[in-house]
Amino acid sequence: MTTGSSRTSSPPADGGISTFKGQDRALRADRLGTLGLLLSVLAATAPLMVVAGVMPTTFGVMGITGQPLLFVILGVVLALFSVGYAEMSRHVHNAGAFYAYISRGLGGTAGSGAALVALVAYNALQVGIYGIFGFEVSTLFATYLDIELAWWIPALLAVLLVGALGWLKIDLNARVLGVLLLIEVALVVIFDVAALGDPGPEGLSLAAFDPDTLSGAGIGTALCFCVAAFLGFEQAPVYAEETSRPHVLVPRVMFLAIGGIAVFYTISCWAITVATGPDAVVGTAQEQSAGMLFFLTEGLLGETFTDVLHILFVTGMFAAMVSFHNVVARYAFAMGREGLLPAVFGRTTSASGAPGTGSLLQTVIALVVVSAFALADDKPTGDPTAPVLHLFTWMGNVGALGVTLLMAIASVSVVAFFVRRGAAGSQFWRLTAAGLATVALCFIVVYTVKDFDVLVGSGPGSSLHWLLPGIIALALIAGLVQGLVLRARNPEAHARIGQGNEAFQLEKAAETTH
């Protein structure tokens with residue numbers, strides 16, 4: 001991908017994407033290679049947070065022993081999704097990823113709706129992590145320093161630090177994310193080896209992979225829990241404009257990410273069942289809750305290892321916050337560049353080439369939301385209700401619902417994109433994979449909405465059952481209305497939705513002919 005200057009009068013000879021709007025309207029190219037892009041993407045999955053938080057919660061709340069098999073199933077579903085999504089990434093290079101793909105396949109109005117859903121969903125995912133991050137840091141202070149620290153103090157400090165990193169170069173952020181991620185993964189792998197090497201009372205049992213363990217009413221909801229563990233792999237196309245060969249690197253990173261995540265989570269989840277014994281894993285999870293992993297490591301690897309794991313649990317969450325922050329900033333940049341947000345968001349900082357205004361937007365949103373939950377918290381210091389059970393759980397599930405919905409719509413748009421271009425025959429197997437992924441993802445979305453009261457721990461009569469999913473519905477409706485208004489009032493701007501820098505080329509060509 002090449003990036004031209006304001007004097008560029010024609011597209012580059014190699015067909016790369018250029019812009020005549022100037023460097024402040026384009027993200028810096030050639031900043032990320034395969035490793036940097038892969039680390040940036042994987043950091044958002046927060047593997048230790050999944051192993052220590054999502055897995056015990058799913059075992060305990062859903063009472064399903066076969067969670068490792070769910071990770072295998074979801075790995076297959078998301079691999080099917082990635083087949084079409086990755087092929088689309090070869091044709092469309094835009095920091096708006098989801099909404100750019102959807103607009104190319106289903107039109108600008110659908111793209112406008114998807115853009116606002118993406119902005120809301122990724123903000124929710126990112127902001128929610130501040131809650132559990134602040135709570136865990138305050139717990140560390142109480143445990144090791146005997147200092148009572150309100151959860152919102154480290155949470156707000158983290159907001160400011162993440163915002164500062166958002167202004168810096170993406171390759172610096174990739175290094176920060178990479179170091180934290182590799183240490184985090186290494187510790188989980190050590191636990192896996194220890195658990196499988198010294199199994200519990202039932203030995204190296206494969207009972208967790210028995211399909212019979214998935215029977216029951218909780219399967220749909222368990223899928224909702226587990227799909228959130230994978231979120232992050234789909235972010236690779238967001239960085240397409242910042243790689244030298246997006247048509248090669250983005251698909252490569254996506255398949256490496258989804259394959260690596262599926263294998264890592266499957267083995268780690270199985271190791272937990274082996275450590276406790278499949279018959280005891282649900283009871284242990286209900287008794288230990290989010291402390292389950294630390295309970296197991298203390299018995300297998302000792303107190304020192306467990307202390308280090310607690311610290312890496314916090315740094316892993318920080319890495320995830322930085323990664324999601326970068327994605328939100330790039331979505332805001334893409335939307336500002338194409339008229340879906342004020343133009344000021346479609347500019348980059350002159351020093352680093354980062355989407356600075358988009359980064360600032362995300363920081364302000366995080367400050368407002370975290371502050372609101374802090375003001376509403378009337379529980380004593382150390383109580384997890386506001387930061388974990390509310391901020392983290394509510395926002396995390398809202399974000400997961402939004403991204404899963406986007407994946408389902410994107411799979412439909414992949415089919416539409418290639419069919420409209422007469423490529424259905426040559427892309428038959430990819431379109432078949434996209435169709436199967438659509439069915440599976442829609443199933444997950446329906447169950448997520450149906451069982452949202454279980455996901456957020458509210459009663460079936462609670463207004464949260466419809467209010468929280470309603471945030472995504474409202475974002476979709478508002479985005480669609482914005483698209484319809486833009487099409488009526490400014491058809492040229494509507495036609496640019498999802499086009500990115502390619503639209504700038506068309507504008508320049510039009511200017512030179514007049």
Side-chain angles (χ1 to χ4, degrees), residues 1 15-17 27 32 34 37-38 41 77-115 117-118 121-122 230-259 327 330-331 334-335 337-338 402-442 495-503:
M1 181 176 65
I17 299 174
L27 296 167
L32 287 172
T34 299
L37 180 57
L38 181 62
V41 167
V77 170
L78 297 179
L80 289 172
F81 162 77
S82 297
V83 169
Y85 193 61
E87 182 62 21
M88 196 76 164
S89 73
R90 300 179 191 275
H91 300 265
V92 182
H93 308 147
N94 191 321
F98 268 131
Y99 91 79
Y101 294 1
I102 290 170
S103 66
R104 294 295 186 94
L106 302 178
T109 300
S112 176
V117 170
Y122 281 114
F230 282 86
L231 296 185
F233 82 93
E234 81 290 346
Q235 295 177 9
V238 174
Y239 298 98
E241 296 181 46
E242 295 164 87
T243 65
S244 58
R245 296 176 297 153
H247 61 289
V248 174
L249 296 186
V250 171
R252 177 189 299 168
V253 165
M254 282 189 60
F255 285 114
L256 286 173
I258 193 64
V327 170
R330 279 153 183 78
Y331 267 105
M335 293 172 69
R337 186 172 60 183
E338 297 174 15
V403 176
T404 307
L405 176 63
L406 287 172
M407 286 194 286
I409 300 174
S411 293
V412 175
S413 72
V414 168
V415 176
F417 178 84
F418 289 108
V419 168
R420 287 169 55 187
R421 284 154 180 76
S426 61
Q427 300 285 355
F428 175 77
W429 292 111
R430 291 187 176 93
L431 301 190
T432 300
L436 293 172
T438 301
V439 174
L441 290 166
C442 285
R496 287 197 299 266
I497 296 175
Q499 300 295 320
N501 280 333
E502 296 175 53

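Checked against side chain to side chain contact (heavy atoms under 4.5 Å, CB included), A408 has the following partners two or more places apart in sequence or in another chain: L441, C442. A79 pairs by the side chain to side chain contact (heavy atoms under 4.5 Å, CB included) definition with nothing, not counting sequence neighbours. For A114, the side chain to side chain contact (heavy atoms under 4.5 Å, CB included) criterion is met by Y99, I102, L406, not counting sequence neighbours. With sequence neighbours left out, S103 forms a side chain to side chain contact (heavy atoms under 4.5 Å, CB included) with I497.
In plain terms, the two heavy atoms of A416 and L106 that are nearest each other are CB-CD2, 3.9 Å. Nearest heavy-atom pair, M407 versus F81, reported as atom, atom and distance to 0.1 Å: O-CE1, 3.4 Å. Shortest non-hydrogen contact noted between M254 and S82 is CE-OG, 3.8 Å. Nearest heavy-atom pair, V414 versus L431, reported as atom, atom and distance to 0.1 Å: O-CD2, 3.9 Å.
Residue pairs satisfying the side chain to side chain donor-acceptor pair (under 3.5 Å) criterion with at least one member in residues 428-440, sequence neighbours excluded, are listed as follows: E87-R430, Q427-R430. Among pairs with a residue in residues 406-429, none fulfils salt bridge (Lys or Arg N to Asp or Glu O under 4.0 Å), at least two apart in sequence or across chains.
The distance from the CG atom of L78 to the CD1 atom of I258 is 4.5 Å, given to the nearest 0.5 Å.
Using modelled atom types, one side-chain atom of R104 and one backbone atom of G498 make a donor-acceptor pair closer than 3.5 Å.
Aromatic pair Y85/F98: ring centres closer than 6.0 Å.
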